[in-house]
Amino acid sequence: MSHSPSISLEGLNPEKFTLGARAGSLVGRFLVVGIVGLAVAAALGLTGDQGDLSRFLHAYTTVYVYFTSIALGALFFVLINHVTSAGWSVTTRRIAELVTGAFPLLALLSLPLIIAALMGTAEIYPWANPDGGLVPEGVAHLVHKKAGFLNAKFFAARMVLYFVIWIAMAAWFKSRSLAQDLSGDPAITNLFKKRSAPMIPVFALTLTFFALDLLMSLDPVWYSTIFGVYYFAGGFLCFMALLGILAKKFGAEDGILSGFIRDEHYHDIGKLTFAFVMFWGYIAFSQYILIWYANIPEETAWYHEREGLFWGHVGVLFLLKFLVPFVGLISRHMKRHPQRLVIFGGWVMVMHFYDMFFLGMPSHLNTLHYLEAQAGPATEAGKAWHHAAESFASMPFGIMELACLIGIGGLFVAAVAKSFASHSILAVRDPRLPESMTFHNP
Amino acid sequence: MEQQEAKALGLLAEYETPQALMAAAEKVRDGGYKRWDTHTPFPVHGIDDAMGIQPTILPWIVLGAGATGTLTALLLQWYTNGVDYPFLISGKPLFSWVPAFPVTFELTVLFAGITTLLGMLALNRLPRLHNPLFDVKRFARATQDRFFLALDATDPLFEDSSARALLEGSGATAVEDVPDVPTNENIPSWMWQVAIVLVFATFVPLGLIAASYNSTSTTPPFHIVGDMDWQESYRYGEEVPFFDNGQAMRGALPGTVAVGELEEDDAFYRGMDDMGNWLAVAPVEVSKSVLERGRERYNIYCLPCHGESGNGKGIVHERALALDTSGWLIPRDLTMDSIVTQPDGQIYDTITNGFNYDAETGTGNMAPYAAQIRPEDRWAIVLYVRALQRAANASIEDVPADKRSAL
């Protein structure tokens, strides 16, 4: 009815929707950029001044959980669209499937963190070396009590498990979906629907524990039961923002999916982005208000450490990541306008990075403070730690963070580009493709 | 409406498929008609565009209502908690954005939600008890398998023959007049009765609330959810394995000073002025109730030694003499000149720190009473001692003239 009549859905050729060299040429370049970035960061971290190892590991974690959250968001997008039998999303779903192609790379990138844990690097994981003095005195026994869960070997095993599950899930959906490009078999779609339902709880649990392991365990005493949801909400939000940007890129008039991605798709992507802006805001606030109200030292400390860095107040993150896109995306008009969707998408992606920074980096400052206290503030070593803490606090986003961002970001882009280069970015024979081409938002 | 012979209210066209209706709607739209509508058994996507329906202003109304909700909630909380009835709860600010947020959110959603419903009804002119289309028999299939387009005769462009031609040429399977059947548009009386009963029923809970508000009850309240009334919590000094000192009570952080614990007011707490001299006059207000309090405390704490009248011959003293305890130090006669001339601050200090008392060994002439008697009570005792001194050194002139004969 309202898609342009020139597009016939009969006999679409997957070759036609394969980006090939257009994405392939990015792979090599970003690979080099990424490797250089990581090499610089690692060199700074391993050979630099006092405190640089901690800073490297924290910056690495921050960037790493950022990109992993995007891939997880993409995987969830695939799962949720199958489980709800969504028709609207078909022309954009392959994009998500291809983004999940980054999981093997992310698995590889988890190695430095696993090694750090196995080596008992208390600078990042105080629990990996509970007697390393990086746990506040009165609560050290609690960390010992948690050792059954928070120990290096179990941590490593869990990390392996997460990635085995995620890689398997992502590969299964991707390979079947690609097979459907050739066969057009509707049974595959039915199977997707059936299998995705039990996969969602598995996804939820692995994501939650991943967030606990990599972010919450940085402070092994602090805990928040909503933490996994917080990480999930931000990650899915960030992926929806990215999807809006990619949809605009591919759906533009000269884009490869021109005509396949319509205003209706922008509208729906916008709605989900908006919904998850709200959801993230809701979760973030829920976590904050309980801690604010109870006002218990062992809980408030976590927020207190985060008040000082960067913009100085927890509320600023809330304003920037919640209120700005909330007001920006509330109207239907904004969601249906691809250019504006892209602007807010970019904003949300940057704010999600700030969020990960907010979760991860203050722990570095904490580490430095503990090390200073341990060495004795008056000693030479103590002064050096103090100096490291001051120089970090004065410029929390420095060369180290930038190098990590370029490093992991470069590799992530290379992996995703490789995935895009060799596969059709449209599920050409999905039985719901016609629906996706004709649906209307009321 | 003119009082002529029954004139049609408009035209109703019937279509067999949503596609046919959609095509017809586009024609009518392009014909420039304004007062017309389509009726379908299910939502037909894209019909809004085909009909040329402009975006509704409802979202703006809802936005306004939501903003009103936000503002109402914030003002309400700020006024009640911060201004009208300030009540400090565990050191939290009287008004803060953080706890105000949930209520604000709820009220925003409430206002916006109710406005969405009411606004939708109002913009659609609902509820409407009768629609002339119901008088067309075939229109009943609008809820089953037919698609209808109704053109209103009040449309400025409406002209019977041209409109009919347009509809007939639009693929309609039938075009029919909408008859002007006179109907009773009054609301049926049973509806009024139900409405009146409902209105009165709403006063019942209000009445019950008002009644209980003005009465007292000795029966305990019933607990719908009891977890506020019977909380699981630790008692002072109870053992708990969670903390490393094994106690449920958390000690104050080092350096914490509770409100009022600093006792920085030298005059009140130590009986001295800034220069370290005894205060001549007690820094408290003198009133009958303070003196009564002083008498009561004096009789409890001082009387056994210093005696009821302050003469130093209390019951402990008498007993000590009776036992012939050698070395018994006779309590001072508080009415003697050397104490009458002492400043108030010094007597206060004697109660607080004792007299000739050595805290290290715990020995001396008189022990301190700081641990037993609160500062304000110590001052009350000082005032009462002053009264005893006046009484002991009084002359007949001090007695009111009309009471002198009694002596």
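Nothing here was measured: the structure is a model prediction, and the numbers come from that model. Residue numbering restarts at 1 for every chain, and letters A, B, ... go by the order of the sequence lines.
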**Student:** Within the distance-only criterion (no hydrogens, no angle test), does the side chain of Asp155(B) pair as donor or acceptor with the backbone N or O of Lys34(B) below 3.5 angstrom?
**Tutor:** yes

**Student:** Short question: side chain of Glu238(B), backbone of Arg235(B) - any donor-acceptor pair under 3.5 Å?
**Tutor:** yes

**Student:** Considering only heavy atoms and a distance below 4.5 Å, find which of Ile89(B), Ile47(B), Asp244(B), Leu63(B) pairs most often with chain A.
**Tutor:** Asp244(B)

**Student:** Side chain, backbone, both or neither: which part of Glu298(A) has a heavy atom under 4.5 Å from chain B?
**Tutor:** side chain

**Student:** For a quick test of reading the model, state the closest non-hydrogen atom pair linking Leu237(A) to Thr273(A) and the distance between them.
**Tutor:** CD1-O, 3.4 Å

**Student:** Between Asn245(B) and chain A, which part of the residue has a heavy atom less than 4.5 Å away: side chain, backbone, both or neither?
**Tutor:** neither

**Student:** Please flag which part of Pro59(B) lies under 4.5 Å from any non-hydrogen atom of chain A: side chain, backbone, both or neither.
**Tutor:** neither

**Student:** Please report the C-alpha distance between Tyr230(A) and Phe285(A) in whole Å, then the side-chain angles of each, then the deciding distance to 0.1 Å, and finally whether the ring-ring contact (aromatic ring centres under 6.0 Å, His included) criterion is met.
**Tutor:** CA-CA 10 Å; Tyr230(A) 183 101; Phe285(A) 183 76; over 10 Å; no

